[in-house]
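Throughout, protein chains are lettered first and strands after them, A, B, ... in sequence-line order, and every chain is numbered starting at 1. These numbers come from a predicted model, not from an experiment.
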Amino acid sequence: MPNKTGRTNRLPELPEVEAVVRKLRSRAEGAFISEVRVLRARSTHPQHSALLQSASGRVIDAIDRRGKNIILRLSGSLAIRVHLRMTGNLVMLPSHLLHSQTVRVVFALRDGRGIGFEDPRVLGTVHLHTDSELQEILNDLGVEPLSADFTVSFLASHAKRSHRPVKVFLMEQNVVAGLGNIYAAESLFRARIHPARLACGISQKKVKALHAAIVEVLTEAMTEAEASYSQPGSHNGMSWRVYGREGKPCVVCGQAIRRLRQAARSTYYCAVCQK
DNA sequence: TCGATCCTGTAG
DNA sequence: CTACAGGATCGA
């Protein structure tokens, strides 16, 4: 979210989570977890923090992403599922940083380093699942928007059945997995659709534009997220056209960007461009 | 279907 | 000091 200093926090949606996964994958796949330390029990809620101990003594066979979930697949048919929510991060840390203020869970490796779950606001979660449990959870997620399964007709058929505002509809993880508050707003702006329009009332033509906008926004954000994660400080992620720009001129028509409350969240849009 | 809740840093 | 940021979950 933007603040007075012009700095922007990185709210992890699909592109940012994917960047975290790629970076961690290159460093931690094949690693052996020698010890698990839960420094803040709330981070495993509603699971008991002791459950995570089952991860110790196991190898990280693979690291994947599904929606905004990070999956560490472990030897012995178990998996760790991490959700970053707002302020979480999952990173390889050297031993001297493993107990920093905001580190909530540590998966210590044999060489002294560890995978650290950092999360200042403690809203993110780290859960342990059996493979079958995990399968059930992931089955409840919708389609991956950057996969071939995400088609115009898929989006159209789900939109047709939803009587919710299209912005809220786009954030439902059981339809399209991975969109959050920022990219939902950005996609609607590019498709020139008003965020309060009911999903079922969107024309076929607009659904097609929305589909294209989602793919475009996420693809662009993915490139930017990768760059900012591989070269911290040199990139700030993609620039937003509406998100966080209340009162600032629309990049297309110059009208002041407006803010709307939807489902207790801020939605930014241009009242001229988005009808 | 919608509001409250969790949580803490930052802005006012 | 209060208000606010928001993803997912839960209860009305």
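Among the atoms of the strands shown, only primed sugar atoms or phosphate atoms (P, OP1, OP2) are found under 4.0 Å from some heavy atom of A:Arg261. Among the protein residues, A:His83 comes within range of the sugar-phosphate backbone only, with heavy atoms under 4.0 Å from sugar or phosphate atoms but none that close to a base. Across all strands shown, A:Thr125 has no heavy atoms under 4.0 Å from either base or sugar-phosphate atoms. Across all strands shown, A:Arg259 has heavy atoms under 4.0 Å from sugar-phosphate atoms exclusively, and none from any base.
One finds a side-chain N or O of A:Arg40 lying less than 4.0 angstrom from the OP1 or OP2 phosphate oxygen of B:dT8. A sub-4.0 Å separation between OP1 or OP2 of B:dT1 and a side-chain N or O of A:Arg164 is present. Within the 4.0 Å cut-off from OP1 or OP2 of C:dA8, at least one side-chain nitrogen or oxygen of A:Gln173 is found.
Distance alone, capped at 3.5 Å, is enough to place a donor-acceptor pair between the A:Glu13 side chain and the A:Ile182 backbone. Judged by distance alone, the side chain of A:Arg161 and the main-chain N or O of A:Ser157 form a donor-acceptor pair under 3.5 Å.
Each of A:Arg85 and A:Gln101 was assigned the nucleotide of DNA chain B with the nearest heavy atom; the assignment lying further toward the 5' end belongs to A:Arg85. Nearer the 5' end of DNA chain C, as judged by each residue's closest nucleotide, is the contact made by A:Glu13, out of A:Glu13 and A:Pro46.
Checked for salt-bridge contact, A:Arg190 and A:Glu186 miss the test: no charged N lies under 4.0 Å from a carboxylate O. Taking 4.0 Å as the cut-off between side-chain N and carboxylate O, A:Lys248 and A:Glu246 do not count as a salt-bridged pair.
No hydrogens or angles were tested; on distance alone, nothing pairs the side chain of A:Arg265 with the base of C:dA5 as donor and acceptor under 3.5 Å.
For A:Asp119 and C:dA8, the CG to P distance is 13 Å, given to the nearest whole Å. Distance, A:Asn174 CG to B:dT1 P: 12 Å, rounded to whole Å. In this structure, NZ of A:Lys167 is placed 8 Å from P of C:dG7, rounded to the nearest angstrom. At whole-Å resolution of the value, CG in A:Asn89 and C1' in C:dG7 are 16 Å apart. The CG atom of A:Leu260 sits 16 Å away from the C1' atom of C:dA5 (whole-angstrom rounding). Following rounding to the nearest Å, A:Glu118 (CD) and B:dT8 (P) show an atom-to-atom distance of 16 Å. A straight line from CD1 of A:Ile70 to C1' of C:dG7 spans 14 Å, rounded to a whole angstrom. Separating the CZ atom of A:Arg121 from the C1' atom of C:dA3 is a distance of 13 Å, rounded to the nearest angstrom.
Shown here are the side-chain contact (heavy atoms from CB on, under 4.5 Å) partners of A:Arg81, two or more places apart in sequence or in another chain: A:Asn69, A:Ile71, A:His127, A:His129, A:Leu134, A:Ile137.
The nucleotide whose nearest atom lies closest to any side-chain atom of A:Arg42 is, among B:dT1, B:dC6, C:dA5, B:dC6.
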